[in-house]
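Read through the structure below, which is laid out as structure tokens, and then see the notes.
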Amino acid sequence: MKKTPPRLSLAALQDSLLQARSSADFDEGAAPTQRDLAETLTFSPGDGRIWMNDQRMLLWQSSTYGSLRRELIASLGQEQARSLLTRVGYAAGARDAELVRRMWPDSDPANAFHAGPNLHRLEGMVRPETIRFEFDIARGDFFADFWWHDSSEDDEHMAAFGIGTEPACWMQVGYASGYASAFMGKLIIYRETACRSMGAEACRITGRPADQWDDPELDPHYFLPDASAPRVRGFSPGASLSATGAPKAPAATVLGLGADAPEPIGISSSFSAACHLIQRVAPTQATVLFTGASGVGKELFAQTLHRISPRAQRPFVAINCAAIPETLIESELFGVERGAFTGATVSRPGRFERAHEGTLFLDEVASLSYVAQGKLLRALQERTVERVGGTRSIPVNVRVLAASNVDLRDEVRAGRFREDLMFRLNVFPIALPPLKERRDDIPLLMEHFLQRYVALHQREVPGFTARAVQALLRYDFPGNIRELQNLVERGVIMAEPGEPIDVHHLFRGGEQLSHEALGLDASGQLTQVPAPVLTLDPEPTRNARRSPPAAAGKGTGGGSDAHAAAELQRYRKAWVAARHNVAEAARALGLSRAQLAYRLKRGGLL
């Protein structure tokens, strides 16, 4: 009997077609295009930073990289230098894959994969040309074959060592492997089968899953520090990505905190310096004075210091000196005996007694009255307190941490703060910088607050638009971290379900950007990037930007503006319904992708 082949359902057939993709499926008009990628690049000359979306970039001479490469080879040997540079490239490729998947989550998989070579070209590394490219994420199949032209890594290697017998595009091979591995969720290994450093006219690379190479033991020692325990730094297929793609701040590990402990977040040099000071002083009993503007996180740093100190298992007691009336500050600090004054019906301990053998945090200590400062000084010197209305000295073993948002030396000169108390508190000062001096930390904080408020408010927010990221990176944050926290929470609440947070969701109070920025135009030239208009109501601004000058013979009434607003709203709804896939929204509206992209940009949505 002839066996009937199993029938494949229409849904299964569609799924199989969506899973198995090749370079033939690449659509040059669909996001992310080369122009889309270029628009994520912003130059901020005011503060000396270059950003690709929320990742900080560097612009340096190719010869500088060549010098570094030569020094590594001379110091470590060729094999160790190759391994190090390959792993650095691998990490860079994985980060770029995060950027693409986060910025264009609904992009066609073939286009998302092709963004890797385009980013490689945009970053000045090499000019890739596809020979063959096929993948199936569900089945784990992957094969890629590329020509690489004008490799900068080859140029520097040949300038130093000439033509040899080994391929030399180590960092670029690592980049390609990291990019593909992050998308596939398994280790993808690229090998260079031809190289200009070996005398070939162009470089050629081939990529396969690590277990599909005939000699899989050849490469792991280049890609992983420990070949006996290979680990893939990437994502499983379909894994949710972070909102910013920024690396997790290592503060919990550096400071020895538990995984679930609240922690300072940052990677900037000033943040690292503050963490280092906390590490040095935490094992001691020294009094610490935190200084910095309001909102920089002084109490969080104080809590962190307590958690890594020998007193971690004892109480941490905080008091905001500015929030306690002058007539009550003494009883709050030192306690009160029953009958000491009207209303004191029971005896109660003060903050010093409650913090016995633990840590007492005095926030806004400069707001204490002169009389209260004298009593605090005595308590610090004698290590004893007397309750209000009491006659007995109570010994206390307390470590004092203080914080001030003003310079205590200036307060001493102005006669508002006791000099002897200032010296008693200023044993080990730690200055915390404002957020505008920690711009490298902004993407990390955005990610942290987004995750917190998405969970708290039960919202579906995929992340931030490129405009919103650029606006936050260019904003000076007079309210520091507290203001960024509020902005992100506001954005989570304002954004529609499934819609990324945009500028008009964040800034609704007339805030102003103070840093100019430069970007790339269609010809690749640097051009001024206009600052997003930070306004309470985005619609009037959008209408003003898209309204043409009044033509002769045409009225200037509000009818055309209303029509334009309605049209823009229709485009926006289609764009959101298509999960921000411009090509798909254009097809639904009966427009070309270029037409819809132009109209969305003219309306301030892209």
Side-chain angles (χ1 to χ4, degrees), residues 264 270-271 273-274 277-278 281-282 284-306 309 315-335 350-355 358-383 385-386 388 396 398-438 476-483 485:
S270 55
F271 172 86
L277 292 175
I278 285 178
V281 75
T284 72
Q285 304 301 318
T287 301
V288 178
L289 176 64
F290 292 97
T291 59
S294 295
V296 297
K298 296 186 289 292
E299 183 168 356
L300 181 58
F301 272 89
Q303 292 172 346
T304 302
L305 191 155
H306 170 74
S309 74
F316 175 86
V317 178
I319 180 172
N320 186 343
C321 300
I324 308 298
E326 182 179 348
T327 54
L328 298 179
I329 189 66
E330 185 178 353
S331 61
E332 286 293 326
L333 287 174
F334 309 125
R351 305 295 175 101
F352 269 90
E353 289 183 69
R354 287 159 54 187
T359 302
L360 176 65
F361 177 58
L362 304 173
D363 197 9
E364 306 297 352
V365 68
S367 64
L368 289 173
S369 68
Y370 217 78
V371 174
Q373 292 173 31
K375 295 179 178 179
L376 174 61
L377 175 63
R378 179 174 179 81
L380 295 177
Q381 289 175 335
E382 304 296 332
R383 296 294 173 178
V385 297
E386 289 186 8
V388 176
V396 289
V398 172
R399 181 179 190 175
V400 173
L401 310 180
S404 175
N405 63 356
V406 296
D407 190 329
L408 292 186
R409 294 182 184 275
D410 291 342
E411 294 297 293
V412 169
R413 285 191 287 269
R416 293 188 292 266
F417 202 82
R418 295 179 62 111
E419 185 176 30
D420 47 3
L421 178 58
M422 187 270 292
F423 286 122
R424 173 65 64 178
L425 295 175
N426 196 36
V427 176
F428 196 90
I430 298 178
L432 302 180
L435 187 55
K436 67 181 179 180
E437 296 178 7
R438 297 174 48 189
D476 270 348
F477 292 102
N480 293 295
I481 297 174
R482 187 179 296 120
E483 183 179 13
Q485 179 177 349

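- Atom CG of Leu333 and atom CZ of Phe352 lie 6.0 Å apart (nearest 0.5 Å).
- One distance of note links CD of Glu330 with CD of Glu386; it measures 9.5 Å at 0.5 Å rounding.
- The side-chain heavy atoms of Gln303 and Thr359, taken from C-beta on, include no pair separated by under 4.5 Å.
- Here the CG-CZ distance, from Leu376 to Arg418, works out to 10.0 Å after rounding to the nearest 0.5 Å.
- Atom CD in Glu437 sits 10.0 Å away from atom CG in Asp476 (nearest 0.5 Å).
- Remark: Leu368 CG to Ser404 OG distance equals 10.0 Å, nearest 0.5 Å.
- Contact annotation: the side chain of Thr291 never approaches that of Ile430 to less than 4.5 Å [non-hydrogen atoms, C-beta and beyond].
- Looking at heavy atoms from C-beta onward, Leu401 lies out of side-chain contact with Leu360 at the 4.5 angstrom threshold.
- Judged purely by atom type and a 3.5 angstrom limit, Lys298 has no side-chain atom pairing as donor or acceptor with the backbone of Leu432.
- Asn480 and Ala293 make their closest contact through ND2-CB, 3.6 Å (heavy atoms, listed as atom of the first residue, atom of the second, distance).
- Ion pairing of Arg409 with Asp407 is absent here, as no side-chain N (NZ or NE/NH1/NH2) approaches a carboxylate O to less than 4.0 Å.
- The minimum heavy-atom distance between Val398 and Ala355, with the atom names listed, is CG2-O, 3.6 Å.
- In this structure a side-chain-to-backbone donor-acceptor pair under 3.5 Å is present from Gln373 to Arg416.
- Considering every non-hydrogen atom in both Phe334 and Ala379, the closest pair reads CE2-CB, 3.8 Å.
- For the pair Thr284/Arg399, a side-chain contact is recorded, criterion being any heavy-atom separation below 4.5 Å from C-beta on.
- Annotation: side chain of Arg482 is in contact with side chain of Ser294 (closest heavy-atom distance under 4.5 Å).
- Other residues, nucleotides and ligands place no more than 12 heavy atoms under 6.0 Å from the CD atom of Glu326.
- Remark: the backbone N or O of Leu362 is not paired with any side-chain donor or acceptor of Arg351 at under 3.5 angstrom.
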Side chain to side chain contact (heavy atoms under 4.5 Å, CB included) between Tyr370 and Leu421, intermediate numbers included: CA-CA 10 Å; Tyr370 217 78; Leu421 178 58; over 6 Å; no

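- For the pair Ile329/Ile319, a side-chain contact is recorded, criterion being any heavy-atom separation below 4.5 Å from C-beta on.
- Val427 has its side chain out of reach of Leu289: every pair of non-hydrogen atoms, C-beta onward, lies at least 4.5 Å apart.
- Annotation: the span from Ile278 atom CD1 to Ser309 atom OG amounts to 11.0 Å, rounded to 0.5 Å.
- Within the 4.5 Å cutoff, the side chain of Pro264 has heavy atoms near those of the Phe271 side chain.
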Worked check of side chain to side chain contact (heavy atoms under 4.5 Å, CB included) between Phe290 and Asp363: CA-CA 9 Å; Phe290 292 97; Asp363 197 9; over 6 Å; no

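- Relative orientation of the Phe361 and Phe316 rings is parallel, given thresholds of 30° and 60° on the angle between their planes.
- When all heavy atoms are compared, the tightest approach of Leu425 to Thr287 is O-CG2, 3.6 Å.
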Stepwise side chain to side chain contact (heavy atoms under 4.5 Å, CB included) test for Val406 and Phe417: CA-CA 11 Å; Val406 296; Phe417 202 82; over 6 Å; no

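- Counting only distance, with no hydrogens or angles, the side chain of Asn320 and the backbone of Glu364 share no donor-acceptor pair below 3.5 Å.
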Side chain to side chain contact (heavy atoms under 4.5 Å, CB included) evaluation trace for Asn426 with Leu408: CA-CA 9 Å; Asn426 196 36; Leu408 292 186; 6.0 Å; no

